[in-house]
Amino acid sequence: MTQLFSSTELFIGSMIFLVIALFFSAFRILREYERGVIFLLGRFYQVKGPGFIIVIPFIQQMVKVDLRIVVMDVPSQDVISRDNVSVKVNAVIYFRVIDPQKAIINVENYLQATSQLAQTTLRSVLGQHELDEMLANRDMLNADIQAILDVRTDSWGIKVSNVEIKHVDLNESMIRAIAKQAEAERTRRAKVIHATGEMEASSQLTQAANKLSQEPDAIMLRYLQTLTEIAGEKNSTIIFPLPLELISGLVKSEKK
């Protein structure tokens with residue numbers, strides 16, 4: 001009889017301990033950046049948190065969702081640009097969950113789904129642009145990719161806040177070709193600047209010649225000024241051109 005009583009007490013004690021354990025397991029604490037998606041008998045019930053919440057064991061289940069911004073590195077992607085140049089591009093995306101219900105119910109794994117969508121969108125968008133645009137207009141490309149991702153992930157309860165293209169890797173032959181192109185471009189600009197300078201100088205010289213032609217003695221003063229400047233450099237030999245008009249004028253004066 002004593003042994004039976006002891007077994008009964010042990011059973012009752014175990015049951016009380018189990019009830020107390022289940023009672024305390026119903027209490028959950030969620031941090032400020034966490035939310036709990038509650039399912040009641042398998043059906044969505046509500047989103048709870050942050051702070052102290054109660055989840056009824058066996059009847060309700062909870063899935064935690066982190067609302068902080070996720071920084072995800074997009075692996076390097078092989079991209080063929082519109083001008084048929086093969087490059088490797090990697091990027092980083094910033095996003096966060098704004099609707100925990102959609103993030104848990106509408107997609108199996110929102111992190112993996114966002115990563116795969118970012119990779120395909122990166123290849124699709126960059127493939128529509130030429131290499132020069134990839135290198136020079138990154139801000140525009142970042143905005144285009146971010147807008148596309150934000151629209152497509154809206155049904156998953158995700159907000160894509162920013163996309164940044166980190167690297168555009170080129171092979172050695174393409175790097176040499178770009179260097180040659182840049183050198184040719186600099187040469188072209190130098191020639192254009194030189195030709196523009198020559199044209200402006202000729203225009204100024206024409207105006208100066210017209211001005212000097214109005215006063216016959218002005219050209220003589222200009223020659224003397226130039227001769228003075230050359231003599232100031234202490235040269236042993238000075239070669240100075242004389243205009244035919246000046247020589248003919250001197251000859252006429254001697255004849256007289």
Side-chain angles (χ1 to χ4, degrees), residues 25-57 59-82 86-129 131 133-170:
S25 66
F27 301 135
R28 306 289 180 86
I29 297 178
L30 298 178
R31 297 180 179 89
E32 182 66 30
Y33 56 83
E34 292 179 330
R35 297 293 184 272
V37 180
I38 307 300
F39 293 90
L40 178 62
L41 297 177
R43 298 181 63 86
F44 172 75
Y45 179 58
Q46 65 178 359
V47 177
K48 292 185 178 181
F52 179 79
I53 65 172
I54 297 177
V55 180
I56 302 174
I59 298 178
Q60 294 180 339
Q61 297 83 33
M62 182 186 71
V63 180
K64 284 185 180 180
V65 180
D66 196 324
L67 300 186
R68 292 178 293 183
I69 292 179
V70 178
V71 182
M72 178 177 292
D73 185 48
V74 180
S76 181
Q77 302 294 310
D78 292 324
V79 178
I80 299 178
S81 63
R82 192 173 63 181
S86 178
V87 297
K88 289 183 177 294
V89 183
N90 65 337
V92 59
I93 63 174
Y94 301 83
F95 66 93
R96 60 186 293 265
V97 176
I98 59 175
D99 191 334
Q101 176 185 350
K102 292 181 180 180
I104 296 301
I105 296 177
N106 292 357
V107 62
E108 180 181 2
N109 187 331
Y110 65 88
L111 292 175
Q112 183 180 3
T114 304
S115 176
Q116 295 298 321
L117 181 60
Q119 295 178 36
T120 56
T121 304
L122 182 66
R123 291 195 299 268
S124 176
V125 172
L126 295 184
Q128 300 175 7
H129 296 272
L131 178 61
E133 296 177 349
M134 295 184 194
L135 299 176
N137 299 325
R138 290 195 181 184
D139 292 340
M140 180 192 68
L141 297 177
N142 292 336
D144 292 343
I145 297 173
Q146 184 267 332
I148 294 174
L149 288 176
D150 192 30
V151 171
R152 294 185 179 179
T153 58
D154 183 66
S155 60
W156 301 343
I158 293 175
K159 171 65 177 178
V160 179
S161 58
N162 195 15
V163 175
E164 293 290 340
I165 298 175
K166 295 196 299 184
H167 299 292
V168 178
D169 297 328
L170 305 172

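The figures here come from the full heavy-atom set of this structure, side chains too, leaving out hydrogens, waters and symmetry mates. The structure displayed is predicted, hence computed values, not measured ones. Residues take their numbers from the sequence shown, with the count starting at 1.
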For the backbone of [Y] and the side chain of [X], can you confirm whether one donor and one acceptor N or O come within less than 3.5 Å of each other?
X      : Y      : result
Gln77  : Pro75  : yes
Ser124 : Thr120 : no
Asn142 : Arg138 : yes
Asn137 : Met140 : no

**Asked** Which is it for Lys166 and Asp73 under the side chain to side chain contact (heavy atoms under 4.5 Å, CB included) test, yes or no, and what are the steps along the way?
**Response** CA-CA 10 Å; Lys166 295 196 299 184; Asp73 185 48; 2.9 Å; yes
**Message:** Test: side-chain hydrogen bond (donor to acceptor under 3.5 Å, both in side chains). Region: residues 87-99. Which pairs qualify, not counting sequence neighbours?
**Reply:**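 Of all non-adjacent pairs touching residues 87-99, those that pass side-chain hydrogen bond (donor to acceptor under 3.5 Å, both in side chains) are Asp78-Lys88.
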**Item:** CG on Leu141 to CG on Leu135, rounded to 0.5 Å
**Value:**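 Spacing of CG (Leu135) from CG (Leu141) equals 10.0 Å.
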Would you check if [X] and [Y] make a side-chain contact, meaning some heavy-atom pair closer than 4.5 Å?
X      : Y      : result
Asp66  : Val97  : no
Thr153 : Phe95  : no
Leu126 : Ile165 : yes

Using a 3.5 Å cut-off and no angle test, enumerate the donor-acceptor pairs between side-chain atoms of residues 30-54 and protein atoms at least two apart in sequence or in another chain.
{"from": "Glu34", "atom 1": "OE1", "to": "Arg31", "atom 2": "N", "distance (Å)": "3.2"}
{"from": "Arg35", "atom 1": "NH1", "to": "Glu32", "atom 2": "O", "distance (Å)": "2.9"}
{"from": "Lys48", "atom 1": "NZ", "to": "Ile54", "atom 2": "O", "distance (Å)": "3.0"}

**Prompt:** When Ile158 is tested against each of Leu111, Thr114, Asn106 for side-chain contact (heavy atoms from CB on, under 4.5 Å), which residue passes?
**Reply:**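 Testing each of Leu111, Thr114, Asn106 against Ile158, the sole residue satisfying side-chain contact (heavy atoms from CB on, under 4.5 Å) is Thr114.
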Tell me the closest heavy-atom pair linking [X] and [Y], and the distance in Å.
X      : Y      : result
Ile93  : Ala118 : CD1-CB, 3.9 Å
Tyr110 : Ala103 : CD2-O, 3.8 Å
Val79  : Gly127 : CG1-N, 3.9 Å
Ile145 : Thr121 : CG2-CG2, 4.2 Å
Leu67  : Pro100 : CD2-CG, 4.0 Å
Ser81  : Met134 : CB-CE, 3.4 Å

